[in-house]
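The structure appears below as structure tokens.
Along the sequence shown, residues are numbered consecutively beginning with 1.
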Amino acid sequence: MSGALAGRGAVVTGASRGIGLAIARRLAAAGARVAMLARSAEVLAARSAELGAAALPVPCDVSDADAVSRAARVIALAFGGAPEILVNNAGVFHPRPVSDITPAEFADTIRVNLDAAFYLVHALLGGMRAKGRGHIVTIGSVADRTAFAGNGAYAPSKFGARALHLV
């Protein structure tokens with residue numbers, strides 16, 4: 001592989017579509033080996049096939065701490081250690097005011113948009129530090145700085161994700 005990121009390992013969550021897939025494509029084009037995490041194994045396999053040998057599809061529900069731990073072990077084995085790049089991108093968006101959101105929907109949004117980022121950082125940061133290098137990118141939103149009335153679960157989750165990233 002050649003490119004600015006040749007020989008580097010990257011992890012992208014929510015990598016089977018949208019922003020995550022676009023990020024995975026750009027990282028692979030820059031020469032990185034990209035572990036693509038997403039829940040849907042079939043869709044993930046198809047999208048990772050588009051990236052070729054640079055892609056490592058890792059089906060994973062990032063809102064599940066045990067699943068993230070298993071995925072981190074798979075990635076470390078495939079990469080020969082910790083990745084140098086983590087992109088916390090996975091997210092859900094249910095635009096409704098607090099009064100209309102069920103407790104289950106609120107909890108789901110927090111699990112995917114905030115807890116998952118923590119699980120990934122927790123699982124990978126130690127290995128990055130041991131290597132002496134690494135970058136963590138957290139995909140944010142204007143809703144991580146401005147609380148909109150219709151974002152009763154999304155804004156709190158993104159405010160939390162931004163705070164996690166800053167600590």
Side-chain angles (χ1 to χ4, degrees), residues 1-93 108-144 154 157-158 160-162 164-167:
M1 283 192 194
S2 63
L5 298 176
R8 306 291 178 150
V11 175
V12 180
T13 66
S16 65
R17 61 190 174 102
I19 294 169
L21 179 57
I23 292 168
R25 285 180 174 145
R26 293 298 300 255
L27 289 167
R33 178 91 194 272
V34 183
M36 300 172 65
L37 276 62
R39 288 181 286 200
S40 174
E42 287 181 22
V43 174
L44 185 60
R47 296 296 79 81
S48 66
E50 295 170 4
L51 275 66
L56 172 67
V58 182
C60 179
D61 177 353
V62 295
S63 71
D64 178 332
D66 292 333
V68 169
S69 292
R70 288 189 300 273
R73 288 191 298 273
V74 167
I75 293 163
L77 285 172
F79 288 0
E84 287 87 357
I85 301 163
L86 166 61
V87 181
N88 279 315
N89 167 71
V92 296
F93 179 57
D108 179 59
T109 301
I110 297 297
R111 273 193 308 275
V112 175
N113 295 358
L114 175 56
D115 294 352
F118 169 76
Y119 299 151
L120 269 294
V121 169
H122 186 262
L124 301 176
L125 183 59
M128 289 177 165
R129 285 186 170 154
K131 274 187 166 180
R133 66 178 185 250
H135 296 279
I136 298 172
V137 177
T138 302
I139 303 300
S141 164
V142 67
D144 70 14
Y154 187 74
S157 71
K158 286 298 189 175
R162 181 170 53 88
L164 174 67
H165 184 82
L166 294 174
V167 296

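For R162, the CZ atom counts as densely surrounded, since its 6.0 Å shell holds more than 12 non-hydrogen atoms of other residues, nucleotides or ligands. Within a 6.0 Å radius of CD1 in I136, other residues, nucleotides and ligands contribute more than 12 heavy atoms.
In this view, T109 and V92, H94, N113, A153, S157 satisfy the side-chain contact (heavy atoms from CB on, under 4.5 Å) rule, not counting sequence neighbours. Listed by chain and number, the residues in a side chain to side chain donor-acceptor pair (under 3.5 Å) with H165 are T138 (sequence neighbours excluded).
Here the CD1 atom belonging to I75 is positioned 5.0 Å from the CG atom belonging to L37, to the nearest 0.5 angstrom. L164 CG to N88 CG: the interatomic distance, rounded to the nearest 0.5 Å, is 8.0 Å. Separation of atoms CG (L114) and NZ (K158) is listed at 9.5 Å; rounding is to 0.5 Å.
Within the 4.5 Å cutoff, the side chain of S141 has no heavy atoms near those of the F93 side chain.
Between G14 and N89, the closest heavy-atom pair is O-ND2, 3.4 Å. Across L51 and A28, no two heavy atoms sit closer than the pair CD2-CB, 3.8 Å. The two residues L44 and P57 have their closest heavy-atom pair at CG-CB, 3.9 Å. Residue A71 comes nearest to C60 through the heavy atom pair CB-SG, 3.9 Å, listed as atom of the first residue, atom of the second, then distance. The minimum heavy-atom distance linking G20 with V12 is given by the pair O-CG1, 3.5 Å. Residues A35 and V58 come closest through the heavy atom pair CB-CG2, 4.4 Å.
Judged as a side-chain hydrogen bond (donor to acceptor under 3.5 Å, both in side chains), the pairs with a partner in residues 8-31 (not counting sequence neighbours) are, in order, R25-E50. Sorted by first and then second residue, the side-chain hydrogen bond (donor to acceptor under 3.5 Å, both in side chains) pairs involving residues 51-66 (not counting sequence neighbours) are D61-S63. The salt bridge (Lys or Arg N to Asp or Glu O under 4.0 Å) contacts involving residues 121-130 comprise nothing, where partners must be two or more places apart or lie in separate chains.
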Let me check something: any side-chain donor-acceptor pairs from residues 115-123 under 3.5 Å, sequence neighbours excluded? List them with distances.
none

Validation: residues 76-87 side-chain donor-acceptor distances under 3.5 Å, sequence neighbours left out:
| residue | atom | partner | partner atom | Å |
| --- | --- | --- | --- | --- |
| E84 | OE1 | G9 | N | 2.6 |
| E84 | OE2 | K131 | NZ | 2.9 |
| E84 | OE2 | R133 | NH2 | 3.0 |

